[in-house]
Undergrad: 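Please find one structure pasted underneath; my questions will follow.
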Amino acid sequence: MPTINSLPLEVLSAILSHLAFEDKFPKLSLVHSRWRACLKDSRAIKVKATEATKRIGLQNIVDSFPLLEELHLDASYRNASTTKDNSKLVHEVAQQFNGHPRLRVLESASDLVVRGVMYGCPRLEVLRLPAEPMSYSDDEDSMFEIGSDSSLIAGQLSARPYNPDTLGPRGRRNVGLMLRTVPSLRRLEVDGPSFWRREAVPHIGGLGMDLGSSAAQALFASCVPFRTTPPASSLQSLKMTSISSWTLVNLLNWLGNATHGPRMPELRHLHLDIDYLHFPQHGIKDIAAGCPNLESLKIKFGMMPRDALFDIATHMRSLRSLSLSKCDVWFVSQSWSHLTVFLASNLPCIEKMSFNSASIQTLDDPHWHSLFDSLMATVGGPASLDSLAGLRHLKILDTSDSRPDATVLHTVAVAFPKLESLRLDVTADCFPAWDRVYLDNIRKGFRHLQRLELRAGKFSGDPEKLFHPSMSSGFVEQMPADQSIHMPALRHLSLWCFPSFPHHLIHPNTATIEHLVLNYPVLTPASHDGATTADPSDGRPLLNRERDQPEAIRDDEQPSDDEDPETLLARFDSPTPSNASLPSSLDSASPKLVPLPTPASWLPAQDTQAPQYDFARLQTLEIRGLSAAAHNICLAALDLVLGSKPHSRLAHISLDALSRLNAPLPAKVLAKLAASTPNLSHFRTSNFILPMDGMAILRDSWPHLQSLEILGSHSVPSITRDFETAELAPLLDSHRSLQKLGLGVSGLSLPGYELMNSDTLRSRLSMRGNVGPDDFSGEFVHMVQTANLAIYRRYETELMRRYEWLRACTIRGPFDMGH
């Protein structure tokens, strides 16, 4: 009979590569000699810093994989009880690393691996040092230092510039030192970096020798690679986050000092997170001088100088991607259309521009206007049109007064006809129903669009002009135009806060949409006869009438300590009353929620009913509702999008009701959803209460679940021994592919995991007579909440230990059973 050991080594190695490292080492190597041979061929491993890893030794683990090329060292939250313990453990494990001759990629939660990188990784190409699990202060530079191991180095070098054995955290994260000592690096990512680089060492500390002596050079060369005249860096990608001011100034000065040629001629990608610092006046010129072949520049959290955009347009003509995120930029106009056209005209290779939460400051000085005119005069002609057509991705998210309006959207569609991705903050009137020429130009400009994200906001003018035929201007027609925008290549559609449900964007593109995100849609409740319920004062749809509220848990219905959660769920899972606002296809007795693009009196009668959607390729659906009617909005939008047709490709559903109250998720809604989406692998709800038989529906309907999140206060009953045995355990046992679990529980009542009650503790301590009620401050309640949080974490760890296929587990509930 064929067994797994009869498979070829290549196939067996591929199978074992999908297991986590803690499952492979050291257990699997003891099963069979073939398994041990396959593990030795592993080229990538992910190691968690645990007591077992520390006991075995990280270097011993690394040495057991002779072909290793990729190593990830992460902090572990399974065995350590506090964040401090986790951070200490990951540092202690990291200091055991001495390098690997074949390693090419290294990502570590601790910078104590830097010494091993400098000494023993001659082929390293990628190094990532993210934010550490614990912050250092200026007095903690000596924590977990490797210098205590005197057997690793014979002589002590000058501590600050070159010896990693005695460097503090800022020294270990010295980008200049890494570039000098690890010339093979191609990609470097460092959080909280420093930068100082010396081209010569005056003496070796403690020995009194000059570097010019042969003895000093021999000793130094034996410890750290050194070159008197180092060549230009071969780095291709550099990412530095949480940069201090002196680090930024040192880096830019080093780049700008290009007397012997560019410092980083091969650098293609540069990402600087400068933490709301003022970017130096000549910083862009310094980057251009030191990185002449730069293709991607991203600056985040920066106060840009006045000439930044002009310097970019003048000195960085090889840029393919430009991103200014959360930056203040200066320009001659507050129009985003003028700014994007200016940059695209002067950057012939530009393909992507991103301005995330950026704002435009106006330059009033005539000098800047003349500079703008001179630059635009030099880029006229066919070459300029080609550069505009080359833009593929554009992102402008600006909620200030310079928010893009309909004119900006029209300019973008006309000027950049080859756009594939567009993400904009727009005004609510960006699709005027009375401008046929405008809508035709939008359709032509969006022919190649594959991703569209529009975040609607305030109106740029009179809201009535969007709908009423009497509010006409020179370009507005008297009869409404067809608002539907067909985009034949559209795959991803994300819509935020539109003043009416965006049928004109969804319905024409149902054949191609694969990912649909509806954030805070507007749905208008209708009465039994289908007439829209509107406020007679302004004619707009109402969302917050009392009869339109969901059957939510109100202040006087919050669960008490003595109320059984199962009774609570049964109460809210009862048959829906006739005045509930649930989707009509789910309950024929209830008034239906009809999403209307505009008030019924302003549109032809045939447009007052929602179209029937037929998504052929939908894979992801995310719906978020806002206000007290958030639960109704989510359920109505879900019913509108999915209808009663099966969606075999749909794999991801997320329903988030952003409300202070919870409301039940009806069992019939969940059952219908499960029947229409048999291949669902990711399911998430927020602030919805799972019905009584919800766990059974999840267990029996979706066998391929990989991620399950039922979040929100009291969304799941209290985890008792009976609930764990009858509901939770069967679900986890039957879903071996489940990797992520998140539950918002009503409580935790298991032997060994009893939550603490601050009121009970206060009364018990007061009964002893040694303390009074006034002796308990808010700090006492905080201590109880912290202790309960630790109990939840211990239970998460227990679940991940018991069900080894879980990779992430979050259990949250009341932090204080007395409140």
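All residue numbers in this chain count up from 1 along the given sequence.
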Undergrad: Are any of the side-chain heavy atoms of Met695 and Leu690 separated by less than 4.5 Å?
TA: yes

Undergrad: So, does His100 use its side chain to make a donor-acceptor pair with the main chain of Arg102 at under 3.5 Å?
TA: yes

Undergrad: Measure the spacing between CG of Leu235 and NE2 of His269 and express it to the nearest 0.5 Å.
TA: 10.5 Å

Undergrad: Shortest non-hydrogen contact from Trp246 to Ser194?
TA: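 Scanning both residues completely, I find the closest heavy atoms to be CH2-CB, 3.5 Å.
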
Undergrad: If you compare all heavy atoms of Tyr792 against all heavy atoms of Pro814, which two are closest, and at what distance to 0.1 Å?
TA: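 Result for this residue pair: OH-O, 3.0 Å.
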
Undergrad: Can you tell me if Arg684 uses its side chain to pair, donor with acceptor, with the backbone of Ile653 under 3.5 Å?
TA: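 Not confirmed, Arg684 side chain does not pair with Ile653 backbone.
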
Undergrad: Measure the spacing between CZ of Arg699 and CG of Leu731 and express it to the nearest 0.5 Å.
TA: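 Taking CZ in Arg699 and CG in Leu731, the distance rounds to 7.5 Å.
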
Undergrad: If the threshold is 4.0 Å, N to carboxylate O, is there a salt bridge linking Arg812 and Glu796?
TA: yes

Undergrad: Who pairs with His271 by ring pair (Phe, Tyr, Trp, His ring centres under 6.0 Å), at least two apart in sequence or on another chain?
TA: none

Undergrad: Kindly indicate, with the supporting measurements, whether the criterion side-chain contact (heavy atoms from CB on, under 4.5 Å) is fulfilled by Phe723 and Ser749.
TA: CA-CA 10 Å; Phe723 177 83; Ser749 181; over 6 Å; no

Undergrad: Any heavy-atom pair between the side chains of Val114 and Leu129 that's under 4.5 Å?
TA: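 Yes; the side chains approach each other to less than 4.5 Å.
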
Undergrad: When you look at Tyr276 and Lys326, which way does the side-chain contact (heavy atoms from CB on, under 4.5 Å) test go after all the steps?
TA: CA-CA 9 Å; Tyr276 294 106; Lys326 299 184 179 179; 4.1 Å; yes

Undergrad: What pairs with Glu107 under side chain to side chain donor-acceptor pair (under 3.5 Å), at least two apart in sequence or on another chain?
TA: His72

Undergrad: So, for Met800 and Ala808, which heavy atoms are closest and what is the spacing to 0.1 Å?
TA: CE-N, 4.1 Å

Undergrad: Is the backbone of Pro183 close enough, under 3.5 Å, to the side chain of Ser234 for a donor and an acceptor to pair up by distance?
TA: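 Yes; judged by distance alone, with no hydrogens or angles, the pair exists.
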
Undergrad: Which of these, Arg104, Arg186, Gln236, sits in a side-chain hydrogen bond (donor to acceptor under 3.5 Å, both in side chains) with Glu125?
TA: Arg104

Undergrad: Counting only N and O atoms by type, is there a donor-acceptor contact under 3.5 Å from the side chain of Ser681 to the main-chain atoms of Ala651?
TA: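 Checking the backbone N and O of Ala651 against the side chain of Ser681, a donor-acceptor pair under 3.5 Å is found.
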
Undergrad: If you measure from CD1 on Ile274 to OG1 on Thr241, what distance do you get to the nearest 0.5 Å?
TA: 12.5 Å

Undergrad: On a heavy-atom basis, which atom in Val175 and which in Phe195 lie closest, and how many Å separate them?
TA: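 So the two residues come closest at CB-CD1, 3.8 Å.
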
Undergrad: Show every salt bridge (charged side-chain N to carboxylate O under 4.0 Å, His left out) that has at least one partner inside residues 720-729, sequence neighbours left out.
TA: Arg721-Glu724, Glu724-Arg802

Undergrad: If every non-hydrogen atom of Met118 is compared with every non-hydrogen atom of Thr181, which pair is closest and at what distance?
TA: CG-OG1, 3.6 Å

Undergrad: So does Leu58 get a backbone contact from the side chain of Gln96, meaning a donor-acceptor N/O pair under 3.5 Å?
TA: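 Judged by distance alone, yes, a pair lies under 3.5 Å.
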
Undergrad: Taking the side chain from Ser715 and the backbone from Phe688, do they hold a donor-acceptor pair closer than 3.5 Å?
TA: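 Yes: the side chain of Ser715 pairs with the backbone of Phe688.
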
Undergrad: Among all residues two or more places apart in sequence or in another chain, which pass the side chain to side chain contact (heavy atoms under 4.5 Å, CB included) test with Glu622?
TA: Val517, Thr620, Arg624, His652, Ser654

Undergrad: Distance from Met264 atom CE to Cys291 atom SG, nearest 0.5 Å?
TA: 5.5 Å

Undergrad: Is there a side-chain contact between Leu127 and Val182 (heavy atoms, below 4.5 Å)?
TA: no

Undergrad: Could you walk me through whether Val47 and Asp74 pass side-chain contact (heavy atoms from CB on, under 4.5 Å), step by step?
TA: CA-CA 6 Å; Val47 182; Asp74 296 335; over 6 Å; no

Undergrad: Do Leu743 and Leu728 make a side-chain contact, defined as non-hydrogen atoms from C-beta onward lying under 4.5 Å apart?
TA: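 They are in side-chain contact.
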
Undergrad: Side chains of Ile719 and Tyr795: does their closest heavy-atom pair fall under 4.5 Å?
TA: yes

Undergrad: Could you tell me which non-hydrogen atom of Asn687 sits nearest to which non-hydrogen atom of Gly712, and how far apart they are?
TA: OD1-CA, 3.7 Å

Undergrad: Which is it for Leu68 and Leu103 under the side-chain contact (heavy atoms from CB on, under 4.5 Å) test, yes or no, and what are the steps along the way?
TA: CA-CA 6 Å; Leu68 185 65; Leu103 198 64; 4.0 Å; yes

Undergrad: Between OH of Tyr753 and CD1 of Ile791, what distance do you get to the nearest 0.5 Å?
TA: 10.0 Å

Undergrad: Would you say Phe65 and Leu71 make side-chain contact, with heavy atoms under 4.5 Å?
TA: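 They are not in contact (no side-chain heavy atoms under 4.5 Å apart), so the answer is no.
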
Undergrad: Given side-chain hydrogen bond (donor to acceptor under 3.5 Å, both in side chains), test Ser110 with His91 step by step and report yes or no.
TA: CA-CA 6 Å; Ser110 170; His91 289 305; 2.7 Å; yes

Undergrad: Quick check: do Leu251 and Leu272 have side-chain heavy atoms less than 4.5 Å from each other?
TA: yes

Undergrad: Tell me whether Glu189 contacts the main-chain N or O of Arg187 through its side chain, where contact means a donor paired with an acceptor under 3.5 Å.
TA: no

Undergrad: Can any side-chain N or O of Arg55 pair as donor or acceptor with the backbone N or O of Thr50 at less than 3.5 Å?
TA: no

Undergrad: Determine whether a donor-acceptor pair (N or O, by modelled atom type, separation under 3.5 Å) exists between the side chain of Ser108 and the backbone of Asp111.
TA: no

Undergrad: For the pair Thr247 (side chain) and Pro193 (backbone), establish whether a donor and an acceptor sit closer than 3.5 Å, ignoring hydrogens and angles.
TA: yes

Undergrad: Do the non-hydrogen side-chain atoms of Asn174 and Trp196 ever get within less than 4.5 Å of each other?
TA: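 Yes, close enough: below the 4.5 Å cut-off.
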
Undergrad: For Gln59, check side chain to side chain donor-acceptor pair (under 3.5 Å) against everything at least two apart and list the hits.
TA: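 Listed in chain order: Asp63.
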
Undergrad: If you look only at pairs with a residue in residues 729-748, which of them pass as a salt bridge (charged side-chain N to carboxylate O under 4.0 Å, His left out), with sequence neighbours excluded?
TA: Glu709-Lys740

Undergrad: As an exercise, state the distance from OG1 of Thr685 to CZ of Phe683, rounded to the nearest 0.5 Å.
TA: 5.5 Å

Undergrad: Between Lys298 and Asp273, is the closest basic N to carboxylate O distance under 4.0 Å?
TA: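 No.
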
